[in-house]
Amino acid sequence: MNFSKLLIDWYLSNQRELPWRKTKNPYYIWLSEIMLQQTRVAQGLPYYLRFTEEFPTVFDLAEASEEKVLKLWQGLGYYSRARNLHFTAKYVAEELKGEFPNTYKELKKLKGVGDYTASAIASICFNEPVAVVDGNVYRVLSRVFGIDTPIHSTEGIKEFKALAEKLIDKEQPSAYNQAIMEFGALHCKPKNPYCISCPFQQNCEAFQQGKINELPIKLKKTKVLTKYFNYLVLLKGDQTIIQQRKGNGIWRNLYQFPLVESDKNLAEADFLTHPEVKKLLQEDFKKVNLFNKKSIKHVLSHRKLMVKFWLVQVEEFPEAFSHNDFETISTADIHSYPVPVLIEKFIENFNFTK
DNA sequence: AATGCGGGGTA
DNA sequence: TACCCAGCATT
């Protein structure tokens, strides 16, 4: 079986028309690849269009503030990608005079660029025969070649990478890499793949052995932790208080309302007696009422958040909020801050201007 | 070698 | 629901 030829033939007649397929400019390819890490094309596409519109060159991206980059990234998730993107843009613009590295080895040194992304850029932009291995590749190869090694085990990572390197068309690595990913995304799908019209049907181990639904083998399921979030939405005329998240946890550098975590769901009576809440508010408020009676369930890949927004009307902001961590802002300006989708949805629902 | 990190589409 | 998406950094 000529695997790469069948694959590229399929690709030439089935590929989608996508904006980053019209260029080999490494800046645009890099941008698209970072955005598409663990992200579907349909979800990333509008962000790609906005970023290329707003930042036509790596210099434009480098000169922007991190806050602006995060704001434009808002809703795409995995925000470390945006911070690394900005860091690398500054590095390329300032240290490399705007010229991206042109080999796999050098590309991989860039922050936010791992094995997959370095391979993608090197092959697409510079014709280097290095094979990409993403979720699509694991699925296609495990099925066609009947490989039951767990894909994210140390052994699996090496085995699939080696096989991909063996299969790549060294004359057209760009077409091969994009072909196998496109084939996985459109044809050899996780559920209900189109085996009936598959060019590999005769050669596909999984199909021949009826193992399509068992491959690829994955090991671990990430356990989802439940947490209880209480946001304090302080209201003083048209002013409120926000804070920027610090540390290494979720939503780093994004903004939110002052947050109190609790170990369980808080009823209205519990809220005012919670030690952290008492510490923040003292007695310095007029009225507290709960915005959402039922907790909002916000599910992330590794976490389930049960969230309540508490509206706190004050004459003056309590002393605790004069700390550096907090910023007093006009509610009219709240839309300019990068926030998690959870907060954005609240802002949309709660009309600050009324 | 294992874990943390978002949000949304799909069946 | 559960799964998975053009993965990477950190420990």
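Naming convention: chains lettered A, B, ... in sequence-line order (proteins, then strands); numbering from 1 in each chain.
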Shared hydrophobic cluster, Phe229(A) / Val224(A) (ILVMFWY, side-chain heavy atoms < 4.5 Å):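 No, no single cluster joins them.
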
Rounded to whole Å, please give me the gap between [atom1] in [X] and [atom2] in [N].
X         : N      : atom1 : atom2 : result
Ile157(A) : dA9(C) : CD1   : P     : 14 Å
Lys109(A) : dA9(C) : NZ    : P     : 14 Å
Arg83(A)  : dA9(C) : CZ    : P     : 12 Å
Tyr47(A)  : dG6(B) : OH    : P     : 13 Å
Ile343(A) : dG6(B) : CD1   : C1'   : 14 Å
Leu70(A)  : dG7(B) : CG    : C1'   : 16 Å

N or O in side chain of His302(A) less than 4.0 angstrom from dC5(B) OP1/OP2: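 So the side chain of His302(A) is within the cut-off, an N or O lying under 4.0 Å from OP1 or OP2 of dC5(B).
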
Pick the [atom1] atom in [N] and in [M], then give their distance to the nearest Å.
N      : M       : atom1 : value
dA9(C) : dG8(B)  : P     : 24 Å
dT3(B) : dA6(C)  : P     : 25 Å
dG6(B) : dT11(C) : P     : 16 Å

Sugar-phosphate, base or nothing in reach of Leu76(A), heavy atoms under 4.0 Å: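 Base: the residue Leu76(A), judged by heavy atoms under 4.0 Å, touches a nucleobase.
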
Sugar-phosphate only, base, or nothing, as touched by Val132(A) at under 4.0 Å among non-hydrogen atoms: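 Nothing, no nucleic acid heavy atom in range.
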
Steps toward side chain to side chain contact (heavy atoms under 4.5 Å, CB included) verdict (Leu72(A), Glu54(A)): CA-CA 9 Å; Leu72(A) 215 53; Glu54(A) 192 72 26; 3.8 Å; yes

Residues within residues 248-256 of chain A bordering DNA chain B, heavy-atom distance below 4.0 Å: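 Residues of residues 248-256 of chain A under 4.0 Å from DNA chain B: Asn248(A), Gly249(A), Ile250(A), Trp251(A).
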
First encountered from the 5' end of DNA chain B, between Lys189(A) and Ser153(A):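 Of the two residues, Ser153(A) wins.
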
DNA chain B: 5'-proximal contact among Glu155(A) and Pro340(A) (nearest heavy atom):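 Checking each residue's closest nucleotide, the 5'-ward one belongs to Glu155(A).
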
Those residues that, when tested against Ser262(A), pass side chain to side chain contact (heavy atoms under 4.5 Å, CB included) (two or more places apart):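 Partners of Ser262(A) under the side chain to side chain contact (heavy atoms under 4.5 Å, CB included) test: Tyr228(A), Asn230(A), Leu266(A), His274(A).
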
Plane angle bin for Tyr231(A) and Phe257(A) - parallel if under 30°, tilted between 30 and 60°, otherwise perpendicular: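 Plane angle over 60°, so perpendicular.
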
Footprint string (nucleotides 1-8 of chain C, 5' to 3'): B base within contact, S backbone only, - free, heavy atoms under 4.0 Å: S-SBBBBS

Main-chain N/O of Lys246(A) paired with Arg252(A) side-chain donor or acceptor, under 3.5 Å: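 Flag not set: sc Arg252(A) to bb Lys246(A) has no pair under 3.5 Å.
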
Between Arg245(A) and Gln256(A): side-chain donor-acceptor atoms closer than 3.5 Å: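 Yes, Gln256(A) and Arg245(A) have a side-chain donor paired with an acceptor closer than 3.5 Å.
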
Side chain to side chain contact (heavy atoms under 4.5 Å, CB included) partner of Glu33(A), chosen from Asp134(A), Ile124(A), Val132(A):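 Single side chain to side chain contact (heavy atoms under 4.5 Å, CB included) partner of Glu33(A) among Asp134(A), Ile124(A), Val132(A): Ile124(A).
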
Worked verdict on Ile296(A) versus Lys308(A) for side chain to side chain contact (heavy atoms under 4.5 Å, CB included): CA-CA 7 Å; Ile296(A) 296 166; Lys308(A) 287 184 169 176; over 6 Å; no

Salt bridge flag under 4.0 Å for residues Glu268(A) and Lys293(A):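 Salt bridge flag = yes for Lys293(A) with Glu268(A).
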
